[in-house]
Amino acid sequence: MKATVPYIEKKFEEFNRLIFGGKLPKIPVELSDAKTFLGQCVYKKRRKPFGKAELYDFRLRINARVDLPEREVEDTIIHEMIHYYIGYNKLEDASAHGPLFLGIMNEINRKFGRNLTVSHKSTQEQREQLQDKRSRYHVIAVVSFRDGRTGIKVLPRVVRSILYYYNNVLANREIASIQLYMSNNIFFNRYPNSSALKVHFLEADEIGRQLEGAEKMACDGKTIKRNQTP
């Protein structure tokens, strides 16, 4: 199932009454289309006199992109409600999933027969659902290193940004070459789009497979030309 706001609100009320003694105030619920998490309890932080931090404006975000078993959606909601419980009551823990969180989580699992875990790790099938499947064109820089490594970078479709990346990366003595391509392969949707001077390392054979049919681009450091034969 894919979560909806009415469903999450209903489950929040149910679990608040059953597990948290009805002590949690109602919280705004948001649906997320993110590719990196199934649930989040988000908040703002401000400093009070004498430097003490105060958390406020709590919100519950649940992923609505991926299709999960209902039991797992419930566990995700409860997991985030533990974070809300700790933050709202100004309780201190050693980390986000420190001893206090673990103690509450384990007690809920034992008492209510849940299967809460520290992380929202998804299966391969679920990760594939979280990926953006929309077809769109990307500029792909294929970066070859002198030591034999290869990597890619998804660049903005802006000439200035492409030239910035091309010239700055190529100036590095470790770089052997940079090739530019235009591709609408949804494989590249998973990578961030920016001109940051980074690469994502992949095997050369994998890069070649994903760029089959892509349009090769020519760059001399000052201009970019399209419509070359790969």
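The model shown is predicted, which means the values in this text are computed figures rather than measured ones.
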For K198 and Y165 the tightest heavy-atom approach is O-OH, 2.7 Å
Would you check if there is a donor-acceptor pair between the side chains of E70 and Y7 at a distance under 3.5 Å?
-> yes
Heavy-atom nearest pair, S183 first then I140, reads CB-CG1, 4.3 Å
Nearest-0.5 Å distance that lies between atom OG1 in T223 and atom CG in L163 | 7.5 Å
In terms of side-chain geometry, is the basic nitrogen of E74 or R114 positioned less than 4.0 Å from the acidic oxygen of its partner?
-> yes
Run the side chain to side chain donor-acceptor pair (under 3.5 Å) check on H138 and N185 step by step: do they pass?
-> CA-CA 8 Å; H138 297 292; N185 186 344; over 6 Å; no
Atom CD of Q40 and atom CZ of R59: how far apart are they, to the nearest 0.5 Å?
-> 13.0 Å
Test: D220 and K222 ion pair at under 4.0 Å = no
Contact summary for L155 and A141, nearest pair of heavy atoms | CD1-CB, 3.9 Å
Any chance the rings of Y84 and Y43 have centres within less than 6.0 Å?
-> no
List the atom pairs, with distances to 0.1 Å, where a side-chain N or O of residues 97-106 and a protein N or O form a donor-acceptor pair under 3.5 Å, not counting sequence neighbours.
from: H97; atom 1: NE2; to: H79; atom 2: NE2; distance (Å): 3.3
from: H97; atom 1: NE2; to: H83; atom 2: NE2; distance (Å): 3.2
from: H97; atom 1: NE2; to: V118; atom 2: O; distance (Å): 3.2
from: N106; atom 1: ND2; to: L102; atom 2: O; distance (Å): 3.1

CG/L180 to CD/E215 distance, rounded to the nearest 0.5 angstrom?
-> 11.0 Å
Donor on one side chain, acceptor on other, K153 and S194, under 3.5 Å | yes
